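Letters A, B, ... are given to chains in the order of the sequence lines, protein chains preceding strands, and every chain is numbered from 1. Just so it is clear, the model here is predicted, and its values are computed rather than measured.
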Amino acid sequence: MAKPTPISGFPEWLPEQRLVELHALDTLRARFESFGFAPLETRAVEPLDQLLAKGETDQEIYVLRRLHAADDEGDAGLGLHFDLTVPFARYVAQNRGRLAFPFKRWQIQKVWRGERPQVGRYREFYQADLDVVAEETLALDFDAEMARLLVESMSALPVPPVTLGINNRKVLQGAYAALGIDDVPGTLRIVDKLDKVGERGVLDLLVERAGLAPQVAEACVAIGRIRTADASFADAVRALVPANALLDAGLDELTRVIDALADLPAGSVVANLSIARGLDYYTGTVYEGQLRGHENLGTVCSGGRYDDLVGGGGAKLPGVGVSIGVTRILGRFLGDGLLRATRSVPTCVLVTLPSDEARPAARAAANALRARGIATEVFHEAARFGKQMKYADRRGIPFAWFPPADPSAPHEVKDLRTGAQTPADPASWTPPADDLRPRVVPAE
RNA sequence: GUGGGUGUAGCUCAGUUGGUUAGAGCGCCUGACUGUGGCUCAGGAGGUCGCGGGUUCAAAUCCCGUCACUCACCCCA
């Protein structure tokens, strides 16, 4: 057999890293459910026309194909989902009659994108999504609540605080209309690069690629330069471009959202008029978050409002949602060794096996510990104690348990970190709360 | 898809102008340690030098091709 090798963009972790990932996923789920979001999982595949229809620019999609498929095979029209929003929209449209609106759900699943991997960029990765969809109208309060949820969920993870930039598509679209720009999507996409190529680069691109007049390009960059922690961005925009209905609507929405988030920790939310988002289906509020101190990782969470994504005849189903790039975040913190678990196995106690005759006693002790929620394993052979303790040590198991040679004698338990060994009763001994499960800690 | 870098032991890497049986550290196994790990010491296992072809008396080393990984562009979590 050929030497097994990693596949680029398909991350696989060691158990101690997977424990960190599971911790993150569990934390997010608990946080999502504490806000009343319902759980949901959708299938891995969607019809290709569905995946391609939702305004994606040119998302690289993995197509489903049976190895021995005939040319006219029916599955040919299926592809793996590249996000969780599009499948969610389909699910809502499909189950509309059975859902209660406004419908709020969390969804954590893997998604696949056929792009070239790079730092923070994978072909298979976890996204953790929150969305709410309503019938006919969706209150603007939800736009603010989504931002709040995103900030609070991210703060529950063992990573630095997030800086969430918020903008409103209507602001940019209204402003661009006022400036007489025809290619709004193209302009949006270039302005979105402000952080990456800088003002000079964006100016050049706007003039050369989008064909804007230099003073119009200047105005676009000036708008994109606006960052405010409060609602003062509105006056800044109005000073740059003449008003119109769309612009006013966008500024009003963004003002209300920013004002509603004023109580969040300073710096966690900022009106950032450079945020455009590549996805075409966003129609109002858009979000983009970065981790403080890890801005070079790019966007780690994002989302926005979509008024027309959930189609399917009849009434409108507007929604707003956000997505956390779990794998992008953990890829940095695990890959650079910034986070680790305190051990590589769930085991809290290793029951040593002094002899084959002691098996029943060892098993009984293990069962007594497990019955009280203490993860316990029994060593697999009656080997030297040194070997058995080394087994525990290698895995970071904190406690070794010694059944007595003489049934009338007490059991003993040893803390492998301190070396302290004391008599203990398997029916009542309890480890310190911190040792019960592997914990996630900063490395070094 | 375009361009750059890299491929030697499980991991991180040495390997001088091509020259005998390809090395180190870490990790792993055994023992010193006749039932208590970590430290130390002594042994040991483990490599078709990514793959294919070429040049040469001789290739890990030079040339060509190919694959993989990786970085940047594109786009994005």
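- A/I7 comes within contact range of the sugar-phosphate backbone alone, with a heavy-atom separation under 4.0 Å but no base atom that close.
- Contact check on A/R395 versus A/D393 returns no salt bridge, with no Lys/Arg side-chain nitrogen under 4.0 Å from an Asp/Glu carboxylate oxygen.
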**Report entry** Sugar-phosphate or base contact per nucleotide [nucleotides 33-48 of chain B; S, B, -; heavy atom under 4.0 Å]
**Finding:** --BBBB----------
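- Residue pairs that meet the ring-ring contact (aromatic ring centres under 6.0 Å, His included) test with at least one member in residues 192-211 of chain A, sequence neighbours left out, do not exist here.
- Taking A/R417 as the reference, A/D415, A/D435 meet the salt bridge (charged side-chain N to carboxylate O under 4.0 Å, His left out) condition, with sequence neighbours excluded.
- Comment: A/K110 engages A/E124 in a salt bridge, judged by a side-chain N to carboxylate O separation of less than 4.0 angstrom.
- A salt bridge between A/E288 and A/R277 is present, with a side-chain N of the basic residue lying under 4.0 Å from a carboxylate O of the acidic one.
- Taking the P atoms as reference points, B/G65 lies 29 Å from B/U20, given to the whole Å.
- Shown here are the ring pair (Phe, Tyr, Trp, His ring centres under 6.0 Å) partners of A/Y391, two or more places apart in sequence or in another chain: A/F379, A/H380.
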Report summary line: The dot-bracket string of RNA chain B, counting Watson-Crick and G-U wobble pairs with both distances under 3.5 Å, using [ ] for crossing pairs and | for pairs to another strand, is (((((((..((((.....[...)))).(((((.......))))).....(((((..]....))))))))))))....
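- Checking B/A72, B/C69, B/C28 against the side-chain heavy atoms of A/R394 singles out B/C28 as nearest.
- The side chain of A/S8 contributes an N or O atom lying less than 4.0 Å from OP1 or OP2 of B/U70.
- A search for ring pair (Phe, Tyr, Trp, His ring centres under 6.0 Å) contacts involving A/F333 returns A/H294, not counting sequence neighbours.
- A salt bridge does not link A/R305 to A/E253: none of the charged nitrogens lies less than 4.0 Å from a carboxylate oxygen.
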